[in-house]
Chemist: 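My structure is below; once you've seen it, I'll send some questions.
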Amino acid sequence: MERNPTAISKNMSKIRSKDTSIELRLRKALWHKGYRYRKNYKALPGSPDIVLTKYKIAIFCDSEFFHGKDWEILKLRLEKGKNPDYWVKKIERNRSRDRENDKKLLFLGYTVIHFWGTDILKHTDECLQVIEDSIWDIKLSDCSEIDIL
């Protein structure tokens, strides 16, 4: 199926890097639960979409396409499409950069959580549960450190 370059350009121009629907959904859910956060926090590697600074948790809301969900399958699909060299290199760079930023954040003592966009949209409560479990783990480790001292 041939697609009109004008339509493709219009579609691509609407793609945002901040305040996406998946980020908004997760942020609203966190806010309603009483969690306060920073968004697109530039002081940290990778500018995480949501950062719970109190607990040192960095959350990334990743779109399936640009971050390469099911990469081996997506890669095969891209190789058959238009401009495969560009798209394969771009998404591989994104995946590599994600891994590097994760390593830097872990080194800084942050817990790093990645959610796929469809998971946020379809299973917001489960995503919240993952975040709350991480907060609980952090609180428990803080308590055990105090007990040792």
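The first residue in the sequence is number 1, and the count goes up from there.
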Chemist: Under the salt bridge (charged side-chain N to carboxylate O under 4.0 Å, His left out) rule, collect the residues that match up with Lys33, sequence neighbours excluded.
Modeler: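 Salt bridge (charged side-chain N to carboxylate O under 4.0 Å, His left out) list for Lys33, sorted by chain: Glu132.
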Chemist: Are Leu30 and Ile120 connected into the same hydrophobic cluster when the rule is that any two of I, L, V, M, F, W, Y join if their side-chain heavy atoms are below 4.5 Å apart?
Modeler: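 Linked, Ile120 and Leu30 end up in one cluster.
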Chemist: Is there a path from Leu52 to Ile22 through hydrophobic residues (I, L, V, M, F, W, Y) whose side chains come within less than 4.5 Å of each other?
Modeler: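 Yes, Leu52 connects to Ile22 through the hydrophobic network.
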Chemist: My understanding is that only residues two or more places apart in sequence, or in another chain, count here; which of them pass side-chain contact (heavy atoms from CB on, under 4.5 Å) with Thr53?
Modeler: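 Partners of Thr53 by the side-chain contact (heavy atoms from CB on, under 4.5 Å) criterion, ordered by chain and then number, come out as Arg38, Tyr41, Val51.
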Chemist: Between side-chain atoms of residues 55-68 and protein atoms elsewhere (two or more places apart, or another chain), which donor-acceptor pairs fall under 3.5 Å?
Modeler:
| residue | atom | partner | partner atom | Å |
| --- | --- | --- | --- | --- |
| Lys56 | NZ | Leu108 | O | 2.9 |
| Asp62 | OD2 | His114 | ND1 | 2.7 |
| Ser63 | OG | Phe66 | N | 3.4 |
| Glu64 | OE2 | Gly117 | N | 3.3 |
| Glu64 | OE2 | Thr118 | N | 2.8 |
| Glu64 | OE2 | Thr118 | OG1 | 2.7 |
| His67 | ND1 | Asp98 | OD2 | 2.7 |

Chemist: Any side-chain heavy-atom pair from Lys39 and Glu23 closer than 4.5 angstrom?
Modeler: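 Heavy-atom side-chain distance check fails, nothing below 4.5 Å.
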Chemist: Tell me, please, which residues at least two apart from Tyr37 pass side chain to side chain donor-acceptor pair (under 3.5 Å).
Modeler: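 Listed in chain order: nothing, the list is empty.
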Chemist: Would you please name every residue forming a side chain to side chain donor-acceptor pair (under 3.5 Å) with Asp137, sequence neighbours left out?
Modeler: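 So Asp137 forms no side chain to side chain donor-acceptor pair (under 3.5 Å) with any residue.
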Chemist: Provide the closest heavy-atom pair for Asn101 versus Gly46 in the form atom of the first, atom of the second, distance.
Modeler: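 It is ND2-CA, 3.3 Å.
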Chemist: Mind checking the OG1-CG spacing from Thr111 to Leu106? Nearest 0.5 Å is all I need.
Modeler: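 Between atom OG1 of Thr111 and atom CG of Leu106 there are 8.0 Å.
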Chemist: Which atom pairs, one a donor and one an acceptor, fall under 3.5 Å between side chains of residues 69-80 and the rest of the protein, sequence neighbours left out?
Modeler:
| residue | atom | partner | partner atom | Å |
| --- | --- | --- | --- | --- |
| Lys75 | NZ | Glu92 | OE2 | 3.4 |

Chemist: Indicate if Leu128 and Val130 have the same hydrophobic cluster label, given that clusters are the connected sets of ILVMFWY residues with side-chain heavy-atom separations under 4.5 angstrom.
Modeler: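 In one cluster with Leu128: Val130, yes.
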Chemist: Could you walk me through whether Ile135 and Tyr35 pass the side-chain contact (heavy atoms from CB on, under 4.5 Å) test, one step at a time?
Modeler: CA-CA 11 Å; Ile135 291 170; Tyr35 295 107; 3.3 Å; yes
Chemist: Would you please name every residue forming a side-chain contact (heavy atoms from CB on, under 4.5 Å) with Arg99, sequence neighbours left out?
Modeler: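 Arg99: side-chain contact (heavy atoms from CB on, under 4.5 Å) contacts with Arg95, Ser96.
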Chemist: Does Asp133 have any side chain to side chain donor-acceptor pair (under 3.5 Å) partners at least two apart in sequence or in another chain, and if so, which?
Modeler: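 With sequence neighbours excluded, Asp133 shows a side chain to side chain donor-acceptor pair (under 3.5 Å) to Gln129, given in chain and number order.
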Chemist: Can you pull the salt bridge (Lys or Arg N to Asp or Glu O under 4.0 Å) pairs that have at least one residue in residues 115-130, sequence neighbours excluded?
Modeler: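 Qualifying pairs: none.
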Chemist: What pairs with Glu100 under side chain to side chain donor-acceptor pair (under 3.5 Å), at least two apart in sequence or on another chain?
Modeler: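 With neighbours one apart ignored, the set is empty.
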Chemist: Answer yes if Ile113 and Leu105 sit in the same cluster of Ile, Leu, Val, Met, Phe, Trp and Tyr residues linked by side chain heavy atoms under 4.5 Å apart, and no otherwise.
Modeler: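 They do not share one cluster, since no chain of ILVMFWY contacts under 4.5 Å joins Ile113 to Leu105.
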Chemist: Quick one: side-chain contact (heavy atoms from CB on, under 4.5 Å) partners of Tyr86, sequence neighbours excluded?
Modeler: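 Tyr86 satisfies side-chain contact (heavy atoms from CB on, under 4.5 Å) with Asn83, Lys90 only.
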Chemist: Quick test of your reading: applying ring-ring contact (aromatic ring centres under 6.0 Å, His included), list the pairs with at least one residue in residues 115-139, sequence neighbours left out, ordered by first then second residue.
Modeler: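 Non-adjacent pairs meeting ring-ring contact (aromatic ring centres under 6.0 Å, His included): zero.
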Chemist: With heavy-atom distances below 4.5 Å as the criterion, would you say the side chains of Asp49 and Leu26 are in contact?
Modeler: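 No, their side chains stay 4.5 Å or more apart.
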